[in-house]
Amino acid sequence: MYTSLDLSNTKAYDEVLSIDEFSSVFDWINAIPYVWKNTTGEWNKVWSINDGEVLHSKQIVLDKQFDVANFDPFLMPIMPVVNAVKSLAVDCGLFDIKDIHSTIITPYVYPPGTSLNWHSDSDYVGAFTFYCHQSWSANWGGEFLTVEGDEYIPKDKKQNIKWKVFDNSALENMIMDKGIGQFIMPKPNRIIFNKSGSNGILHKVNKSTNNSAPRLTLQGFFRRQTIKEI
């Protein structure tokens with residue numbers, strides 16, 4: 001494993017797992033059941049009406065010590081990912097570990113042509129994304145796009161912008177004011193960590209092309225709430 005991106009609010013690591021471990025995660029991702037995200041209840045408005053619809057599977061919950069609270073032997077193939085998260089959450093230097101009282105990991109499938117609009121994960125201490133697909137083309141889109149928080153946008157200006165569902169032009173204009181950011185390819189066996197909360201970065205998932213492979217991820221959020229409060 002090695003560091004591939006080291007920014008003040010975003011870190012990325014490559015070759016997180018061994019070849020055999022990654023193969024086992026991919027097999028597990030193929031075997032688990034999925035449901036469509038927004039057909040199982042209330043519309044999650046982080047996804048705009050133009051983003052398409054993604055699938056997700058059952059959440060894995062970690063306690064304050066990053067141990068699996070709802071452990072089942074079926075989860076064994078992804079334990080190397082859990083162990084990597086436990087180690088890197090401390091080593092990446094982005095988070096105050098004392099603030100993290102639980103972690104939720106959710107498998108996601110982004111079908112071809114789907115995306116996720118600009119957001120900041122403001123309800124969480126931080127977040128991470130681990131890419132589980134076996135291959136990805138540079139022409140397929142699906143990149144993690146990021147704007148580096150308060151280094152890019154003055155805090156007082158950012159706090160005055162309210163995210164809206166149907167007209168997000170104020171936020172979009174704020175991003176376009178400078179119009180520069182970073183992109184991170186969804187490279188297999190890569191994990192990205194990003195700050196959330198008041199210092200959270202604005203980021204999005206770029207729309208993948210119609211001929212792309214499914215974008216497969218384990219998406220995690222570091223929470224201030226304990227397991228009982230989730």
Side-chain angles (χ1 to χ4, degrees), residues 1-19 21-22 25 29 46 59-69 75 78-108 116 118-133 136 142-153 155 158 180-206 215-227 230:
M1 179 166 52
Y2 62 92
T3 304
S4 50
L5 182 69
D6 188 357
L7 302 175
S8 60
N9 295 315
T10 312
K11 302 285 179 71
Y13 302 86
D14 282 337
E15 298 181 13
V16 175
L17 307 183
S18 70
I19 293 174
E21 288 171 339
F22 185 75
V25 170
I29 286 287
V46 176
Q59 293 179 336
I60 299 107
V61 181
L62 311 183
D63 62 20
K64 187 175 176 61
Q65 288 72 42
F66 295 92
D67 294 325
V68 179
L75 297 176
I78 65 163
M79 289 310 296
V81 179
V82 173
N83 292 334
V85 167
K86 182 176 183 178
S87 173
L88 292 172
V90 176
D91 294 345
C92 72
L94 296 178
F95 318 113
D96 187 340
I97 298 301
K98 296 191 299 296
D99 293 337
I100 301 174
H101 293 93
S102 62
T103 303
I104 292 178
I105 304 174
T106 307
Y108 275 99
L116 176 57
W118 288 104
H119 61 289
S120 65
D121 297 332
S122 58
D123 293 337
Y124 307 104
V125 177
F128 62 88
T129 305
F130 178 74
Y131 296 111
C132 307
H133 37 259
W136 198 263
E143 301 92 349
F144 181 99
L145 307 181
T146 173
V147 173
E148 274 288 287
D150 298 325
E151 297 174 359
Y152 179 97
I153 300 168
K155 183 178 291 188
K158 188 169 102 173
I180 295 173
Q182 300 276 348
F183 75 90
I184 307 171
M185 289 287 190
K187 186 177 178 180
N189 206 8
R190 165 175 284 174
I191 192 166
I192 303 169
F193 290 86
N194 61 273
K195 278 186 180 179
S196 301
S198 60
N199 295 317
I201 61 165
L202 288 164
H203 58 287
K204 69 172 291 183
V205 176
N206 200 24
R215 184 179 179 275
L216 308 176
T217 69
L218 289 173
Q219 179 66 55
F221 294 102
F222 300 126
R223 300 177 60 102
R224 294 179 179 84
Q225 297 96 329
T226 65
I227 291 175
I230 294 176

Just wondering, do Leu218 and Ile29 contact through their side chains at under 4.5 Å, heavy atoms? yes
Between Phe222 and Phe128, is the gap from one ring center to the other below 6.0 Å? yes
Answer with yes or no whether the side chains of Tyr131 and Arg215 bring together a donor and an acceptor at under 3.5 Å. yes
Phe183 atom CZ, neighbour heavy-atom count above 12 within 6.0 Å: no
Would you please classify the geometry between the His203 ring and the Phe144 ring as parallel, tilted or perpendicular, with 30° and 60° separating the classes? parallel
Sort out for me which residue in Thr217, Ile192, Asn189 forms a side chain to side chain contact (heavy atoms under 4.5 Å, CB included) with Phe130. Asn189
If you apply the rule side-chain contact (heavy atoms from CB on, under 4.5 Å), what do you find for Ile227 with Val61, and how did you get there? CA-CA 8 Å; Ile227 291 175; Val61 181; 3.9 Å; yes
Evaluate the side-chain contact (heavy atoms from CB on, under 4.5 Å) criterion for residues Leu116 and Lys204: first the C-alpha distance (whole Å), next the side-chain angles of each, then the deciding distance (0.1 Å), finally the verdict. CA-CA 6 Å; Leu116 176 57; Lys204 69 172 291 183; 5.7 Å; no
Quick one: does Thr226's side chain get under 4.5 Å of Ser102's, heavy atoms only? no
Can you check side-chain contact (heavy atoms from CB on, under 4.5 Å) on Thr106 and Phe221, steps first, answer last? CA-CA 9 Å; Thr106 307; Phe221 294 102; over 6 Å; no
Pairing donors with acceptors under 3.5 angstrom, does anything connect the side chains of Thr146 and Gln182? no
When Asn194, Asp91, Asp6 are each screened for side chain to side chain donor-acceptor pair (under 3.5 Å) with Lys11, the one that passes is Asp6
Going by heavy atoms in the side chains, are Glu21 and Val16 under 4.5 Å from each other? no
